[in-house]
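Throughout, protein chains are lettered first and strands after them, A, B, ... in sequence-line order, and every chain is numbered starting at 1.
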Amino acid sequence: GESVGLHLPTLSVQEGDNSIINCAYSNSASDYFIWYKQESGKGPQFIIDIRSNMDKRQGQRVTVLLNKTVKHLSLQIAATQPGDSAVYFCAENGGSGYALNFGKGTSLLVTP
Amino acid sequence: DSGVTQTPKHLITATGQRVTLRCSPRSGDLSVYWYQQSLDQGLQFLIHYYNGEERAKGNILERFSAQQFPDLHSELNLSSLELGDSALYFCASSVLLSGGRNSPLHFGNGTRLTVT
């Protein structure tokens, strides 16, 4: 079936640098996209979402970019901090329903 | 803190047994979702309830069932447990937006099930 996938399983960045986590999706009907952060022993935590009528959305230190032409989603984290170390998941709604389809996740490691 | 409460945090049981996982959604959220997270399968959607009624099914086995009660809490029942059912089980809840638009799912911290 169609699914969401992540380009890189791990990403290591230095503290203070910007991080970019990428995600590809395959369902052209998907119209809602969301990023989650999961720390060890905890559930996924909502970071930011974007609907298909937008191509960019900004939050606090985070920006999500959506390119529907190539079915690509990215999460940019500015001035990455040690507390940002976690696994990041992108998810999409498959164009229908309210449940989300999750990618495999990217592990972000922030080094001092 | 997401406001979604799951109990128990850990559960260890034997093959063939039955267990019940419990979830209390955020105050005001009518939708409850169940997900399974394992190392090799990632986060897999199991089932969605809205205001007591089943709305969507994902990759939920026939040995698994769920329900949402009038007070909106939900239970996930897992029976005839197998070693492969060992995983993290997450509950999430969401609010219903006007126009039927999607809204973020807010996750609890999960129940870790170990089947021995």
Side-chain angles (χ1 to χ4, degrees), chain A residues 1-10 23-27 29-54 57 59 62 64 66 73 75 86-107, chain B residues 1-7 9-10 21 23 25-26 29-51 53-60 66 87-97 99-112:
Chain A
E2 295 181 298
S3 62
V4 179
L6 290 163
H7 291 309
L8 295 173
T10 59
C23 178
Y25 64 96
S26 57
N27 190 340
S30 297
D31 57 9
Y32 179 72
F33 306 86
I34 189 165
W35 282 98
Y36 284 91
K37 170 187 180 183
Q38 187 176 22
E39 297 173 285
S40 180
K42 295 186 177 181
Q45 176 187 356
F46 166 68
I47 301 173
I48 191 167
D49 59 359
I50 188 168
R51 302 185 194 277
S52 59
N53 60 348
M54 303 173 69
R57 192 166 187 220
V62 294
V64 56
L66 174 63
L73 190 69
L75 177 70
V87 176
Y88 289 80
F89 293 94
C90 66
E92 46 82 29
N93 71 339
S96 64
Y98 298 98
L100 299 173
N101 304 313
F102 281 78
K104 292 287 188 185
T106 292
S107 178
Chain B
D1 182 8
S2 69
V4 177
T5 303
Q6 289 187 250
T7 57
K9 290 185 180 179
H10 303 276
L21 313 184
C23 169
R26 294 189 318 163
D29 286 357
L30 299 180
S31 274
V32 169
Y33 309 77
W34 287 96
Y35 281 79
Q36 180 192 59
Q37 186 175 38
S38 58
L39 285 176
D40 59 342
Q41 291 295 321
L43 273 157
Q44 296 287 314
F45 166 63
L46 297 178
I47 198 163
H48 169 209
Y49 275 83
Y50 174 76
N51 202 21
E53 293 190 2
E54 181 186 304
R55 290 297 295 268
K57 271 188 173 180
N59 300 320
I60 189 166
L88 277 165
Y89 290 85
F90 287 104
C91 170
S93 72
S94 71
V95 69
L96 183 67
L97 296 179
R101 292 175 298 152
N102 285 88
S103 63
L105 274 58
H106 297 274
F107 285 81
N109 283 329
T111 293
R112 181 176 292 279

Interchain contact, [X] with chain B, by part (heavy-atom threshold 4.5 Å):
X	result
Ile34(A)	side chain
Gln45(A)	neither
Tyr98(A)	both

Can you find a pair of side-chain heavy atoms, one from Trp35(A) and one from Cys23(A), that are under 4.5 Å apart?
yes

With a 4.5 Å heavy-atom cut-off, do Gln37(B) and Phe107(B) have their side chains touching?
no

Residue [X] versus chain A: region with a heavy atom under 4.5 Å:
X	answer
Ser31(B)	neither
Arg55(B)	side chain
Gln6(B)	neither

Gap separating the CG atom of Leu46(B) from the OH atom of Tyr35(B), nearest 0.5 angstrom:
9.0 Å

Taking every non-hydrogen atom, the tightest pair across Ser103(B) and Val95(B):
OG-O, 2.7 Å

Heavy-atom closest contact (Val4(B) atom, His106(B) atom, distance):
CG2-O, 3.2 Å

Going by side-chain hydrogen bond (donor to acceptor under 3.5 Å, both in side chains), name the residues that satisfy it together with Asn102(B), two or more places apart in sequence or in a different chain.
Asn93(A)

Based on non-hydrogen pairs under 4.5 Å, which of Ala99(A), Gly97(A), Pro44(A) is most in contact with chain B?
Pro44(A)

